[in-house]
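Quick notes on the structure that follows.
In what follows, chains carry the letters A, B, and so on, assigned in the order in which the sequence lines appear, proteins first and then strands, with residues in each chain numbered from 1.
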There are 2 protein chains.
Amino acid sequence: MADGMAMPKPAPRGRDAEATRAAIIAAARAEFAAKGLSGARVDDIAARTRTTKPAIYYHFGSKEDLYRVVLEEAYAGMREVERGLDLDSLPATEAMRRLVEVSFDYHAAHPDWVRLVSIENIHDAVHLAGSASVADRNANVIGVLGALLARGEREGVFRPGIDPLELHLMISSLCFYRVSNRHTWGAIFGRDLQAAEHVASQRRMVVEAVLRYLRPD
Amino acid sequence: MADGMAMPKPAPRGRDAEATRAAIIAAARAEFAAKGLSGARVDDIAARTRTTKPAIYYHFGSKEDLYRVVLEEAYAGMREVERGLDLDSLPATEAMRRLVEVSFDYHAAHPDWVRLVSIENIHDAVHLAGSASVADRNANVIGVLGALLARGEREGVFRPGIDPLELHLMISSLCFYRVSNRHTWGAIFGRDLQAAEHVASQRRMVVEAVLRYLRPD
DNA sequence: GTCTATAAATGGATAGAC
DNA sequence: GTCTATCCATTTATAGAC
């Protein structure tokens with residue numbers, strides 16, 4: 001257990017490669033989210049770390065490759081949350097409410113992730129296209145939603161004929177837009193969508209919209 | 001009526017200042033929508049026109065000022081559509097359906113506008129903040145929605161207590177996201193949201209979602 | 001008002017020492 | 001693996017002729 005200060009180097013600047021990489025990724029994520037892929041400056045990414053520009057190129061090769069890594073890691077973060085959901089123990093309606101609330105809260109709590117996704121769409125998702133970990137994301141959410149829809153239908157609380165992918169589109173739209181477009185919204189309508197009083201109301205609206213959409217009759 | 005070829009100049013390149021300005025704006029709109037503000041190149045904007053770079057700087061001063069003009073004109077285009085709606089002659093439910101369908105169709109038909117709005121949000125809407133014509137947009141849509149909600153409530157087809165701004169948020173989310181995020185969506189789920197067969201289904205979903213949200217129960 | 005040519009600055013990327 | 005110093009392509013913007 002005690003490794004007796006077995007670290008070989010006292011580390012004047014960067015400790016080890018892994019720590020440096022992580023620091024660069026964190027800095028790059030902030031920079032890319034703030035200014036986009038084209039707007040981001042490698043110099044500014046370096047300035048956000050304790051290392052320098054050549055370290056970035058040594059570890060990641062190019063600005064674009066670094067962006068790719070940042071994007072990949074950002075999506076990985078969301079996968080964690082999706083896995084942590086235990087929906088089977090709840091009635092279908094409550095499970096759906098919980099799923100929507102978790103999605104709403106995740107988007108609200110991670111505006112940087114929302115911005116990165118927006119930015120990637122401006123680039124026609126070309127950097128995501130070649131990603132390995134994308135395929136696995138595919139099945140998971142839709143599978144969970146599909147199973148929940150089927151269960152709710154059996155329980156008689158959801159109407160039949162709902163496409164899981166289309167429902168996911170509905171939920172994502174309602175959770176994403178209010179974060180991604182909050183700035184133009186604020187400029188046009190003068191309402192801050194992130195103000196605490198409005199967030200709670202919108203959260204209720206989104207849950208209500210989804211549940212009413214699924215309710216039979 | 002016949003102006004007898006009264007045009008003073010045969011116009012070898014640019015005819016008049018107004019035509020040149022319009023051509024530059026159109027080219028700039030395409031370039032900015034394709035690559036974003038930082039990614040856009042003034043050289044490429046010039047290449048999309050029959051004029052050259054100095055003409056751009058002569059007419060607009062700077063790349064950023066040109067972007068501002070493009071953004072302003074893009075928003076003006078959407079105002080036209082909103083004004084062309086005659087909702088008073090329809091029952092409240094049908095009027096709401098029509099309003100949602102028009103919004104859906106406008107977003108679907110103008111992906112460039114959607115991209116420009118996304119881009120402006122990445123820039124925290126700083127270019128829209130100082131815009132003169134933004135304020136007038138404010139009142140219009142929300143006023144129309146508020147009046148329609150009040151009428152529907154009187155007719156007993158909408159439930160009370162709906163905030164017009166929040167309803168507009170809901171409609172915009174459902175119409176915007178499927179266009180703005182179609183590329184990451186395609187990369188992750190392998191479904192083209194713009195494919196004709198899916199568009200019709202999503203259009204029904206959006207209308208249904210809104211009407212069910214408003215329906216008393 | 002519009003062009004050719006060019007200035008001035010920025011910014012991605014690397015050489016070479018340690 | 002990480003630094004200092006620098007290269008060089010790109011790109012915004014303008015000078016000056018017509």
Test of ring centre spacing under 6.0 Å for A:Tyr177 and B:Tyr177 = no
B:Lys53 NZ to C:dA7 C1', straight-line distance once rounded to whole Å | 11 Å
Is a salt bridge present between B:Asp163 and A:Arg191, judged by a nitrogen-to-oxygen distance below 4.0 Å?
-> yes
Could you tell me, to 10°, how much the axis swings from one end of the helix from C:dG1-D:dC18 to C:dC18-D:dG1 to the other, five pairs per end?
-> 10°
Ionic contact status for B:Asp112 with B:Arg115, cut-off 4.0 Å | no
Ignoring backbone atoms, test whether B:Tyr57 places a side-chain nitrogen or oxygen under 4.0 Å from the OP1 or OP2 oxygen of D:dA13.
-> yes
May I ask you to say whether B:Glu31 pairs ionically with B:Arg41, meaning some side-chain N is under 4.0 Å from a carboxylate O?
-> no
Any residue of residues 33-48 of chain A with a heavy atom less than 4.0 Å from an atom of DNA chain C = A:Ala40, A:Arg41, A:Val42
Is the shortest side-chain N/O distance from B:Thr20 to OP1 or OP2 of C:dT2 below 4.0 Å?
-> yes
Would you mind checking if B:Arg98 and B:Glu94 are paired as a salt bridge, meaning a charged N to carboxylate O distance below 4.0 Å?
-> no
Phosphate oxygens OP1/OP2 of D:dT2: is one of them under 4.0 Å from a side-chain N or O of A:Thr52?
-> no
Shortest side-chain distance from B:Lys63, nucleotide among D:dG1, C:dG1, D:dT12 | D:dT12
Spacing between B:Glu31 atom CD and D:dT11 atom C1', to the nearest angstrom | 12 Å
By side-chain contact (heavy atoms from CB on, under 4.5 Å), A:Tyr213 pairs with (sequence neighbours left out) A:Arg159, A:Ile162, A:Glu166, A:Leu167, A:Met170, B:Met205, B:Glu208, B:Ala209, B:Arg212
Spacing between A:Ile56 atom CD1 and D:dC3 atom C1', to the nearest angstrom = 13 Å
Tightest non-hydrogen contact, residues B:Ser172 and A:Trp185, listed as OG-CZ3, 4.0 Å
Nearest-Å distance for atom pair CG/P, residues B:Asp65 and D:dT12 | 14 Å
NZ/NE/NH1/NH2 to OD/OE distance under 4.0 Å, A:Glu101 and A:Arg203 = yes
Determine, for B:Asp192 against B:Arg182, whether the closest basic-nitrogen to carboxylate-oxygen distance falls under 4.0 angstrom.
-> no
To the nearest angstrom, how far is A:Phe60 atom CZ from C:dT14 atom C1'?
-> 18 Å
Taking only the side-chain heavy atoms of B:His59 (C-beta and beyond), determine which of C:dT2, D:dA13, C:dC3 contains the nearest atom.
-> C:dT2
note: B:Ile24, atom CD1; C:dG1, atom P; distance rounded to Å ~ 12 Å
Give a yes/no on whether any side-chain N or O of A:Tyr58 is located under 4.0 angstrom from OP1 or OP2 of D:dT2.
-> no
